[in-house]
Participant: 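Here it is, the structure, as structure tokens.
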Amino acid sequence: MADYTSNWEGKIENSKTFNFTVSIEDLQSENAVFKISNNKSIINQPFKINTERYIKIPISENLSFIGDLSKNGNEINGFIKSGLLLYHIKLTKSATNSFIGTWNILMVDELKSQNFYLSVENGLDDDYQAYPILADDRFTGTWCTNFQKENDIISFVDFKTGLQFKGKLLQNEIQLSILLEEHLLTQLDLKESKTDWEIGGFKTDNKTSILELTEMENLISNDSLPNTHSVIISKKGKTIYENYFDGYNSKIPHDMRSASKIISSAIVGIAKDKSLFNNVDQSIFDFLPKEYQIYKDSLKSKIDIKSLLTMSSGLDAVDFGIKRKSLASEDNYQPTQDWTKTILQTPMINEPNTHANYGSANPYLLGVAMDSTVSEPLELFMDKNLFQKLGISNYIIQTDMTGRPYFGGGMYLTPRDMMKFGELYLNKGKSNGKQILSENWVNNSFKNYRVLENTVDKNGYGYLWWHYKYNFKGTSIKSNEARGAGGQYIFVLPKLEMVVVITSGNYRNGKTQQPELILEKYILPYIEN
């Protein structure tokens, strides 16, 4: 195997290899079939309609579909579960009574480059790892594990997307197959790399604007504001600027990272509005399954919904900004098999609702609570009560190890749909004249409850919303913000009746807060009050 520890490269034959058509045929008959295809049939799964309320189609251990037929019978909204991701799929009824939709497993509408790279690395002794990398870096990358070698065959799996890789070691070559379960998608002949890999560097030319932001655009184009993927600005409900960079476009869902915590907050609010729980002062142990009640004590019993929304549970769950290693930081609980157990057995460092420290374990527990509260699969509740009402269908939800939506972050929305969400809060919970979220919940979400003590700026914090102030033409203006690693931001600026969305890819260069600079120096000076 040591002879193959190197960098390899090849080419994916078709730029739409990972773009699928999904269909359900003969839904009301005994011959119902679920199909996934591209230029060939990949999945052809017969299934029977059961007495349950939802359409459930198990395909394999790691691949399944769950959906809900609309009241008018014209569409099915549901999710393909592959790996750790729930891909939302909208299937529309056709003239032949089939329900048809699309699934982009790599999240991009088409590969801009078909170059494919593989790094095979050796750790200790016979411990090897393989890292597949696409030249089209708009795909957020694989999380590969379980590297195996038997004779001249290697295999590994991307547990994020569910894609599987199998390679045959030949002389000076690796013949690599990429599969969805056991179904072959493409095969590549990889040769050892002799030159540097060419990744990214794509151009985008689709600006829509009535606002001139030339200085910002020049700085983005010459990499002075690096890895900026999109900027959208709306004022009084009208989009006044929309631009994409580095090959991104309006159709690509962007990894929101922790910016999606505010979506988690909204789902809690909708559940509260529907009286699915009494109030935010209820203990988390009112919602937890029986096996976790053993961690309840006099102090932990005070961890309530409000403390989780405001990062003030008191658990040793601090993600950054401290010298010691927090026992329930996101980096610590995510590698474990039972995230809930890992978090709840962590000691308390403060009494709940007294001190706030940013830690994703807090909203994660909210997801566990909501999953036990709603009467349907949580992802379908989210889709029906929030996303469908906002007209959002092109999105992806990351799950935890149980397949439950992860409320700590990792949802993928297009920047336009992130804008819809910001405008929902700007408009006090209304969208297109309809009240989706109560005004009371929005007002409570934007309150400043306490300071995040582990942040450099000592930001105020609401119901998973950050607080910050910016200079606007000599005055100070308040902003309520969703923030995610790498520079994913939704800014809601009530005084200006404005929402700004910026997405980025600054994950390792220390510029994760670059959107704040862009807003204050290169956007606000050009905005009329």
Participant: Look at the side chain of Arg138 and the backbone N and O of Gly247, then say whether any donor-acceptor pair between them is shorter than 3.5 Å.
Facilitator: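 Yes, Arg138 side chain to Gly247 backbone: donor-acceptor pair under 3.5 Å.
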Participant: I want to know whether Phe65 and Phe79 have ring centres closer than 6.0 Å.
Facilitator: no
Participant: Using a 3.5 Å distance criterion without hydrogens, assess whether the side chain of Ser70 forms a donor-acceptor pair with backbone atoms of Asn74.
Facilitator: yes
Participant: Between the side chains of Asp68 and Asn77, does any donor sit under 3.5 Å from an acceptor?
Facilitator: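 The criterion, which ignores hydrogens and geometry beyond distance, is not satisfied for Asn77 and Asp68.
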Participant: Does Ala482 offer a backbone N or O that forms a donor-acceptor pair with the side chain of Tyr489 under 3.5 Å?
Facilitator: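 Absent.
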Participant: Phe287 vs Phe277 aromatic rings, parallel, tilted or perpendicular, using cut-offs 30° and 60°?
Facilitator: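 Because their plane-to-plane angle is over 60°, the rings of Phe287 and Phe277 count as perpendicular.
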Participant: Say whether, by atom type as modelled, one donor and one acceptor occur between the side chain of Asn427 and the main chain of Gly429 under 3.5 angstrom.
Facilitator: no
Participant: For this output row, return yes or no: ring centroids of Tyr395 and His88 closer than 6.0 angstrom.
Facilitator: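 Centroid separation for Tyr395 and His88: below 6.0 Å.
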Participant: Check Phe20, Tyr412, Trp103 against Tyr87 for a ring pair (Phe, Tyr, Trp, His ring centres under 6.0 Å) and give me the one that passes.
Facilitator: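 Considering Phe20, Tyr412, Trp103, a ring pair (Phe, Tyr, Trp, His ring centres under 6.0 Å) with Tyr87 is found only for Trp103.
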Participant: Evaluate the side-chain proximity of Glu181 to Glu61: yes if any heavy-atom separation is below 4.5 Å, no if none is.
Facilitator: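 Counting from C-beta outward, Glu61 and Glu181 never come under 4.5 Å.
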Participant: Any chance the rings of Tyr117 and Trp8 have centres within less than 6.0 Å?
Facilitator: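 Ring centres of Trp8 and Tyr117 not closer than 6.0 Å.
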Participant: Do you know which of Asn62, Thr145, Leu85, Thr142 makes side-chain contact (heavy atoms from CB on, under 4.5 Å) with Phe159?
Facilitator: Thr145
Participant: Do the side chains of Tyr54 and Leu69 get nearer than 4.5 Å, heavy atoms only?
Facilitator: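 Not in contact.
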Participant: For Phe139, is the NZ or CZ atom of Lys112 found under 6.0 angstrom from the centre of its six-membered ring and inside 45 degrees of the ring axis?
Facilitator: no
Participant: CD1 of Ile100 to OG of Ser94: how many Å apart, nearest 0.5 Å?
Facilitator: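 Spacing of CD1 (Ile100) from OG (Ser94) equals 4.0 Å.
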Participant: Does Asn385 use its side chain to pair, donor to acceptor, with the backbone of Phe381 at less than 3.5 Å?
Facilitator: yes
Participant: Would you please test Leu63 and Ile43 for side-chain contact (heavy atoms from CB on, under 4.5 Å) and show each step?
Facilitator: CA-CA 11 Å; Leu63 187 66; Ile43 304 287; 4.2 Å; yes
Participant: Check whether any side-chain heavy atom of Lys160 lies under 4.5 Å from a side-chain heavy atom of Thr140, and answer yes or no.
Facilitator: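 Side-chain contact under 4.5 Å: yes.
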Participant: So do Tyr241 and Val231 actually touch side chain to side chain, heavy atoms under 4.5 Å?
Facilitator: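 Sidechains of Tyr241 and Val231: in contact.
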Participant: Quick one about Thr186 and Thr17 (side-chain donor to acceptor, distance below 3.5 Å, no hydrogens or angles considered), yes or no?
Facilitator: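 Their side chains do not contain a donor-acceptor pair, so the 3.5 Å distance test is not met.
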Participant: For the backbone of Phe407 and the side chain of Ser264, can you confirm whether one donor and one acceptor N or O come within less than 3.5 Å of each other?
Facilitator: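 At least one qualifying donor-acceptor pair exists.
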Participant: Consider only side-chain N and O atoms of Asp319 and Ser360, and report whether a donor and an acceptor are under 3.5 Å apart.
Facilitator: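 Their side chains do contain a donor-acceptor pair, which is all the 3.5 Å distance test asks for.
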Participant: Please confirm whether Trp465 and Tyr425 have ring centers closer than 6.0 angstrom.
Facilitator: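 Yes, close enough.
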Participant: Short question: side chain of Asn362, backbone of Leu365 - any donor-acceptor pair under 3.5 Å?
Facilitator: no
Participant: Answer yes or no: is there a donor N or O on one side and an acceptor on the other, between the side chain of Asn122 and the main chain of Asp127, under 3.5 Å?
Facilitator: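 Yes: the side chain of Asn122 pairs with the backbone of Asp127.
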Participant: How are the rings of Tyr463 and Trp441 set relative to one another: parallel (under 30°), tilted (30 to 60°) or perpendicular (over 60°)?
Facilitator: tilted
Participant: Find out whether Glu75 and Leu91 are in side-chain contact, i.e. whether some heavy atom of one side chain is under 4.5 Å from a heavy atom of the other.
Facilitator: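 No. Closest side-chain heavy atoms not under 4.5 Å.
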Participant: Could you go step by step and tell me if Lys191 and Glu9 meet the salt bridge (charged side-chain N to carboxylate O under 4.0 Å, His left out) rule?
Facilitator: CA-CA 6 Å; Lys191 306 291 186 182; Glu9 62 182 69; over 6 Å; no
Participant: Just by modelled atom types, is the Ser504 backbone N or O under 3.5 Å from a matching donor or acceptor in the Gln488 side chain?
Facilitator: yes
Participant: Any side-chain heavy atom of Phe34 sitting closer than 4.5 Å to one from Pro46?
Facilitator: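 No. Closest side-chain heavy atoms not under 4.5 Å.
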Participant: Please test Met370 against Val268 for side-chain contact (heavy atoms from CB on, under 4.5 Å), starting from the C-alpha separation and ending with a verdict.
Facilitator: CA-CA 7 Å; Met370 292 305 101; Val268 178; 4.0 Å; yes
Participant: Look only at the side chain of His183 and the backbone of Ile42, and say whether a donor-acceptor pair between them is shorter than 3.5 Å.
Facilitator: yes
Participant: Hey, does Ile57 have a side-chain heavy atom less than 4.5 Å from the side chain of Ile24?
Facilitator: yes
